Amino acid sequence: MSKLLRKPEQNEVSQGVTIVQDVTTENSPLEYVGFKIVDLAPGAKYSEVLGKQECCIVAVTGKINVTDGEEVFENLGTRESVFEKVPTDSVYVSNDRRFEVEGVSQARVALCYSPSQKQLPTRLIKASDNGVENRGILSNKRLVHNILPDSDPTANSLLVVEVFTESGNWSSYPPHKHDRDNLPEESFLEESYYHEMNPPQGFVFQRVYTDDRSIDETMTVEKGDVVLVPAGYHPVGVPDGYTSYYLNVMAGPTRIWKFYNDPAHEWILKR
Ligand SMILES: O=C[C@H](O)[C@@H](O)[C@H](O)CC(=O)O
């Protein structure tokens with residue numbers, strides 16, 4: 001199996017707290033991005049003390065309470081399924097702070113991490129704060145919820161976005177990359193993809209490949225999988241009949257999302 005594909009696990013770390021995905025800079029080829037999926041039963045609590053990392057806590061499904069020890073944010077979350085396709089609530093917590101997440105209902109929480117040195121204020125990113133974007137044409141249409149875009153100064157290095165791609169469409173297509181620290185042409189951002197499909201037995205194909213093909217992995221991706229993108233183009237193809245969801249975390253030396261399209265396929269934008 002590709003080293004860029006992480007299958008979900010059921011690691012119950014305490015009563016009602018199950019770690020489903022746990023990507024760190026120590027256990028992955030990523031140097032900037034970290035990512036967890038935590039399932040919480042009602043009343044179960046998960047807490048962390050952050051070092052020189054910032055974290056965006058995303059209420060993927062269900063309702064949660066979040067505190068950083070000073071502020072309390074209650075009843076966050078807007079959906080029982082991501083496929084309701086409504087934006088959700090998130091909380092940004094900066095470096096050298098702690099946080100605790102409590103399940104109000106059965107909840108799935110994404111913890112999105114990146115490096116942070118300069119402590120910034122904790123911030124509730126309400127669902128209504130998400131920038132909603134219909135992107136693409138023909139068979140490349142997708143719906144984008146910008147949770148923590150580079151235009152939002154809340155974070156030091158973290159970018160978080162979720163994308164819905166309909167049946168028979170492609171996203172992150174034409175293939176693009178952001179693996180060179182070469183602004184203004186291109187920024188260097190590592191990336192993680194957390195995937196879900198509807199109906200849940202579905203799969204999508206994701207290719208991660210570099211110009212020199214030193215990386216060239218085409219993966220069959222299923223519900224709960226994480227795909228790691230240390231470098232390279234990273235298109236996603238969605239079979240007929242299914243809807244794809246993914247949550248992206250990006251981070252790198254400069255918090256700017258400036259991608260570069262694969263010249264071989266850029267022509268499709270001119271149709
Ligand atoms: O680089 C960002 C990620 O690849 C996705 O968020 C992608 O941009 C989604 C899309 O435009 O299809």
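Atoms within a ligand are numbered from 1 in the order they appear, just like the ligands themselves. Scope of the values below: all heavy atoms of this structure, side chains included, with no hydrogens, waters or symmetry mates. Values in this document were obtained by computation on a predicted structure and should not be read as measured data.
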### Query
Is the Y209 to H234 ring centre distance short of 6.0 Å?
no
### Message
Ring of Y260, cation from R180 - is the NZ or CZ under 6.0 Å from the centre and inside 45° of the axis?
### Response
yes
### Task
Answer yes or no: is there a donor N or O on one side and an acceptor on the other, between the side chain of N156 and the main chain of K118, under 3.5 Å?
yes
### Query
Just by modelled atom types, is the K141 backbone N or O under 3.5 Å from a matching donor or acceptor in the N169 side chain?
yes
#### Entry: R79, R142, K85 screened by salt bridge (charged side-chain N to carboxylate O under 4.0 Å, His left out) with E162, the one that passes
R79
### Query
Considering the options D129, D89, D68, which one meets the salt bridge (charged side-chain N to carboxylate O under 4.0 Å, His left out) requirement together with R123?
D129
Could you tell me, for ligand 1, which of its N or O atoms are under 3.5 Å from any protein N or O, listing the pairs and their distances rounded to 0.1 Å?
{"unit_1": "ligand 1", "atom_1": "1 (O)", "unit_2": "H176", "atom_2": "NE2", "d": "2.9"}
{"unit_1": "ligand 1", "atom_1": "1 (O)", "unit_2": "H178", "atom_2": "NE2", "d": "3.0"}
{"unit_1": "ligand 1", "atom_1": "1 (O)", "unit_2": "W257", "atom_2": "NE1", "d": "3.0"}
{"unit_1": "ligand 1", "atom_1": "4 (O)", "unit_2": "S172", "atom_2": "OG", "d": "3.2"}
{"unit_1": "ligand 1", "atom_1": "4 (O)", "unit_2": "H176", "atom_2": "NE2", "d": "3.1"}
{"unit_1": "ligand 1", "atom_1": "4 (O)", "unit_2": "E191", "atom_2": "OE1", "d": "3.4"}
{"unit_1": "ligand 1", "atom_1": "4 (O)", "unit_2": "E191", "atom_2": "OE2", "d": "3.4"}
{"unit_1": "ligand 1", "atom_1": "4 (O)", "unit_2": "Y193", "atom_2": "OH", "d": "2.7"}
{"unit_1": "ligand 1", "atom_1": "4 (O)", "unit_2": "H234", "atom_2": "NE2", "d": "3.1"}
{"unit_1": "ligand 1", "atom_1": "6 (O)", "unit_2": "N248", "atom_2": "OD1", "d": "2.7"}
{"unit_1": "ligand 1", "atom_1": "8 (O)", "unit_2": "R135", "atom_2": "NH1", "d": "3.3"}
{"unit_1": "ligand 1", "atom_1": "11 (O)", "unit_2": "R135", "atom_2": "NH1", "d": "2.7"}
{"unit_1": "ligand 1", "atom_1": "11 (O)", "unit_2": "R142", "atom_2": "NE", "d": "3.4"}
{"unit_1": "ligand 1", "atom_1": "11 (O)", "unit_2": "R142", "atom_2": "NH2", "d": "3.1"}
{"unit_1": "ligand 1", "atom_1": "12 (O)", "unit_2": "R142", "atom_2": "NE", "d": "2.6"}
{"unit_1": "ligand 1", "atom_1": "12 (O)", "unit_2": "R142", "atom_2": "NH2", "d": "3.4"}
{"unit_1": "ligand 1", "atom_1": "12 (O)", "unit_2": "S172", "atom_2": "N", "d": "2.7"}

